[in-house]
Amino acid sequence: MTEPTGITELLLSRIRDVADYPEPGVVFKDITPLLADPGAFAALTDALAEAAGRTDATKVVGLEARGFILGAPVALRAGLGFIPVRKAGKLPGATLSQAYDLEYGSAEIEVHAEDLTAGDRVLVVDDVLATGGTAEASLELIRRAGAEVAGLAVLMELGFLGGRARLEPALAGAPLEALLTV
């Protein structure tokens, strides 16, 4: 097998399509082969850390759960703090929460109240931008904590779902960087 040469080719070659998961008609983008390949995972981490540098971020927020897997090494590589944004009820102590709508219902995310401050510029990192609901809620949560949104960086954008258009107002000019668009 010939090794991919560019980062786009490398990342795409390590993402597996799983047909009809989690329901018929859906093609799930499985990133576990990418995470299992240390070279590909390092290249992904480097690319997202470079995005963090371009935004002058001071902290990285990772969205539960795959955003933790990507965001923590990005923060470490970029020399920044890492803040997990969790599903409601998972963090001890004082939290700020943000509710948001899903296709069928609603959900809520939380962050520790003291983890973000007025001096912070925060880059949100996640694996996939789909419809943008969770990302939009995280941007609102960051601002409610008094911090500034530095941008959003994702491994993959599912362009056909319209998440970018939904997020434009919430980003308020901050960049949205997707390493891959499918």
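Looking at M156 and L129, their side chains never come closer than 4.5 Å, going by heavy atoms from C-beta outward. Between L171 and L139 the shortest side-chain heavy-atom distance falls below 4.5 Å. The shortest distance between side-chain heavy atoms of R164 and L176 falls below 4.5 Å. Residues V61 and V125 are not in side-chain contact: their nearest non-hydrogen atoms beyond the backbone lie 4.5 Å or more apart. Using a 4.5 Å cut-off on side-chain heavy atoms (C-beta onward), L44 and L34 make contact. In this structure, the side chains of L155 and D126 stay at 4.5 Å or more apart for every pair of heavy atoms. Counting heavy atoms from C-beta outward, R66 and I31 have side chains that approach closer than 4.5 Å. Using a 4.5 Å cut-off on side-chain heavy atoms (C-beta onward), L179 and L11 make contact.
Under the 4.5 Å side-chain heavy-atom criterion for grouping Ile, Leu, Val, Met, Phe, Trp and Tyr, I15 is connected to L161 within one hydrophobic cluster. A single hydrophobic cluster is seen to contain both L48 and V182, as judged by linkage of ILVMFWY side chains at heavy-atom distances under 4.5 Å, directly or through other members. Neither Y21 nor F160 shares a network with the other; the hydrophobic side chains, linked directly or stepwise wherever heavy atoms of I, L, V, M, F, W or Y lie under 4.5 Å apart, form separate groups for each.
In this structure, CD on E114 lies 9.5 Å from OG1 on T95, to the nearest 0.5 angstrom. The distance from the CG atom of D101 to the OG atom of S106 is 6.5 Å, given to the nearest 0.5 Å. In this structure, CZ on R86 lies 6.0 Å from CG on L91, to the nearest 0.5 angstrom. The distance from atom CG of D20 to atom CZ of F28, rounded to the nearest 0.5 Å, is 13.5 Å.
Remark: of the listed residues R144, E136, R143, E108, R144 is the sole one forming a side chain to side chain donor-acceptor pair (under 3.5 Å) with Q98. Partner of L96 under the side chain to side chain contact (heavy atoms under 4.5 Å, CB included) criterion, out of V111, I109, L116: V111 alone.
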side-chain contact (heavy atoms from CB on, under 4.5 Å) assessment of T8 paired with L180: CA-CA 7 Å; T8 299; L180 306 172; 3.6 Å; yes
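For the 3.5 Å distance criterion, the side chains of T134 and Y100 qualify, holding a donor opposite an acceptor. Inspection of the E110 and S97 side chains reveals no N or O donor paired with an N or O acceptor under 3.5 Å.
The two residues K29 and D17 have their closest heavy-atom pair at NZ-OD1, 2.7 Å. Nearest heavy-atom pair, L167 versus G132, reported as atom, atom and distance to 0.1 Å: CD2-O, 3.6 Å. Across all non-hydrogen atoms, the minimal contact from L123 to A51 is CD2-C, 4.5 Å. A72 and F82 get closest at one heavy-atom pair: N-CE1, 3.4 Å. Looking at every heavy atom in both residues, A150 comes nearest to P175 through O-CD, 3.2 Å. Looking at every heavy atom in both residues, L70 comes nearest to F41 through CD2-CE1, 4.1 Å.
Remark: the backbone N or O of T55 is paired with a side-chain donor or acceptor of R121 at under 3.5 angstrom. A donor-acceptor contact shorter than 3.5 Å is absent between the side chain of D120 and the backbone of V122. Not a single donor-acceptor pair under 3.5 Å links the side chain of K59 to the backbone N or O of A147.
Of the charged side-chain nitrogens involved, at least one lies within less than 4.0 Å of a carboxylate oxygen, so that R14 and D37 count as a salt-bridged pair. In summary, R54 and E177 engage in a salt bridge, as defined by a charged side-chain N under 4.0 Å from a carboxylate O.
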